[in-house]
Amino acid sequence: MNEETSFSEFADLSEALEKTSKRNEKKRLISNFLLKLREDEIKPAVTFLVGRPFVEADSRILEVGGRTLYRIMGKSKQETLIQKPLTILNVKEYFEEVAKATGKKSRKRKENIIKGLLSQTTSLETKYLLRILQGELKIGVVEGMMLEGISEATSINLELIQRCNMLLGSVGEVARIALNIGREALEKIGLQLFKPIKPMLAEMSYNLVEVLKYNGGKTAFEYKFDGARIQIHKKGDEIRIFSRRLNDVTESLPDIVELAKTEVIAKNTLVEGEVVAIGSEDRPLPFQDLMRRFRRVHEVGSMTREIPLKLYLFDILFLEGETLIDVPYVERWSLLNQTCGSHLLAKRIITDNLEEVNAFLKSAIKAGHEGLMAKALNSNYTPGIRGKKWFKIKPTEHLDLLIAAAEWGYGRRIGWLSNYHLAARDEETGEFLMLGKTFKGLADNEFKEMTRRLEEIKISEDNYTVYVKPEIVVEVAYNEIQKSPHYKSGFALRFARITQIRDDKGPTDVDTIGRIKVLYEKQFETKSKVTLRQQL
Ligand code: AMP
C-alpha cells in the first residue's frame, strides 16, 4: 500500500481552494488531490473537505465547543512539538477518539485528546483543523462542487454521482466507490433499510395559480402538518425510525413503532411521514410539545400518554427489495395505500380547480395544520434536494435562519445572550450571511436555555457579541425584506421575530440567499400578495 497522505497536503489544498474563486480551478484541484489518495483515506478526506468531522449520516458528534477550543489553543500554542507528520488517517482516528469519550469526565478527556492532536500540527494545519472542528471549512467547497470534482476525477457522469450521493447520503462514500470500484458499482446502488436517506424538500410558493400552471394542470395537494418528519424502516419484525436529520429516534417513539408493526403490512419497506403531537379534540399541539417527545429518553411510557402522537404517512421509498425513488408520485402513493391502508395517509386531493384548492387550504388551516404541500403527479423522489416538484403553501411567511452570533442583553435581559444575528445560507459558497438581528419571540426561560446552548458552541467573542458554530436554526417571521448596504447579503429583514426554535433542522436546511432574492422580488407583485391573503 502507498504511504499515507499527510494532513499538511490537505491543509495546502484547503489553502489553494480558499484562494481561488474559479469553479474550474477548484474542480481541478479537488480532482488532482482525490486521485492521489489511498482508498482508506478517500472518505475522511472528502468529508473534511466539505467541512465535517464525520460523514453526514453518522450520528457521532464531537461535542467540543468553541470555548473549549479557545482554552486549548491558549495553553497549547507554546507546546507545539512536531515529531512526525500527521496524516489524514491520524486526524480521523483522533476525531473518533473524541466522539467515543462519553460519560463522567468526558469533557476533560475530549479536551486532552484535542490537545494531543493540536500539539502535532503546524500553524496552517491548525487553521484548517480548527475549522473542521467548528463545522465550517470556509473554502467555498459545498457538496455540489465536491460531486463535480469526483466526476472530473473519474470521468463518470455527474448525474450518476449525484444520484448515488442522494441515495447514500455520504459524499465521502460516493467518492470511495467511484474512485476505487467504478461506474458499475455506482449503477447498482439502491436504498438500504436501516440506513437513513436524506428527505426530499419543497420550495415555497405563494401563488396557487402559478403552482397549477407549473404542473400543467392536475396536481396533488396534501395537508402540510406542522410536526416532525420521520422515515420508518421495516425489515421483518424490526423497525427503526429516523428523524429529518437522520438521527435514530426509535427509542423515543415506541407508540409509532407499535403502529408500524401492526398497520404497515409489507415485510420490508421504508415509508415516510410526519408525526404531530395531539391535544384535545385531536387538534395539533405546538411544535415545542412535540420536541419534548423527541428529547425524551427516560420514562418514555408516561410521555406517550401525556403527549400522544398522530402519524400521517405521505411517501414510500422502498418495498420488498425495490427502490422506488424513480417511480412517479401517483404510483408511489398507490403502493403506500396498499401497504398501509388509507387511514394512516395524509389528507389529499388531486385537482386543477383553484376554488377546490382554496377550500382545501382553508380546511387544513381550520384543522390546525400549517398549509398545503403541492406535489407534481409524475415527479420522482429526489433525496436531499429542494426543487419545484414539491411546493409548500403556507399562508404566513416564515424563514428558517441560522443563529450565527448573539449579543449580550441589557436591562431586564442582562446576563442573557438575547439579541440574535440571523443568517441565510449562500448556496454558492456555503457561507452564512447576515440578514438582521432580533431579540423578539422567546420567553424568559427560552432566553436562558438559548444562552446556555450558545455558550456551548461559542467560537469567539468580542465586547458585546458571541460568535457561534453554525448549528442552531430558528423559524423567523418578518414584515418585509429590504435592500441593505450594511450586510454582505445585500438584504435586511424588517421586524424579524423568532416564531420557533427548529431543533429538527440543521445548517443545510437554512433558507438560501437565492430564496431571499426571490422573496424580495415577490413583494412587488401585489397580485400574489393579495391572492395569498384571499386564500385565508
Ligand atoms: P419546511 O419545513 O417548511 O421546509 O417544509 C417541509 C416539511 O414539511 C417537510 O420536511 C415535512 O417535515 C413537512 N411536511 C408536512 N406535511 C407534509 C406532506 N404532506 N408532505 C411532505 N412534507 C410534509
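For ligands, and for the atoms within them, numbers begin at 1 and follow the listed sequence. Owing to the predicted nature of the structure, the values given are computational and were not obtained by experimental measurement. Only this structure's heavy atoms are used, side chains among them; waters, hydrogens and symmetry mates stay out.
Here is the list of ligand 1 atoms found below 4.0 Å of a heavy atom in R386: 4 (O). Close contacts between ligand 1 and E222 involve ligand atoms 18 (C), 19 (N), 20 (N) [criterion: under 4.0 Å to a heavy atom]. For ligand 1, the atoms closer than 4.0 angstrom to any heavy atom of K394 are 3 (O).
With a heavy-atom cut-off of 4.0 Å, Y223 touches ligand 1 through its backbone alone. Only the side chain of K375 comes within 4.0 Å of ligand 1, counting heavy atoms alone; its backbone N, CA, C and O stay farther away. Only the side chain of R244 comes within 4.0 Å of ligand 1, counting heavy atoms alone; its backbone N, CA, C and O stay farther away.
Geometrically, ligand 1 and F225 share a nitrogen or oxygen pair separated by less than 3.5 Å. Geometrically, ligand 1 and E274 share a nitrogen or oxygen pair separated by less than 3.5 Å. Taking only nitrogen or oxygen atoms, main chain and side chain alike, K505 reaches within less than 3.5 Å of ligand 1.
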Margin query: Could you walk me through whether H398 and Q500 satisfy the side-chain hydrogen bond (donor to acceptor under 3.5 Å, both in side chains) test, starting with their C-alpha distance in whole Å, then the side-chain angles of each, then the deciding distance to 0.1 Å, before giving a yes or no?
Written below: CA-CA 10 Å; H398 289 108; Q500 272 179 5; over 6 Å; no
Next item on the list: Dump the intermediate steps for side-chain hydrogen bond (donor to acceptor under 3.5 Å, both in side chains) on H421 and E407, then the final yes or no.
Entry: CA-CA 8 Å; H421 295 203; E407 294 171 21; 2.7 Å; yes
Margin query: Test salt bridge (charged side-chain N to carboxylate O under 4.0 Å, His left out) on K392 and E203; report intermediate values, then the result.
Written below: CA-CA 6 Å; K392 50 187 173 187; E203 250 188 38; over 6 Å; no
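Taking the six-membered ring where tryptophan is involved, the planes of F360 and Y223 are tilted, since the angle between them lies from 30° to 60°.
Note on ligand 1: H398 sits outside its first shell, no heavy atom being nearer than 4.0 Å.
Ring pair F491/Y520: centre-to-centre distance below 6.0 Å.
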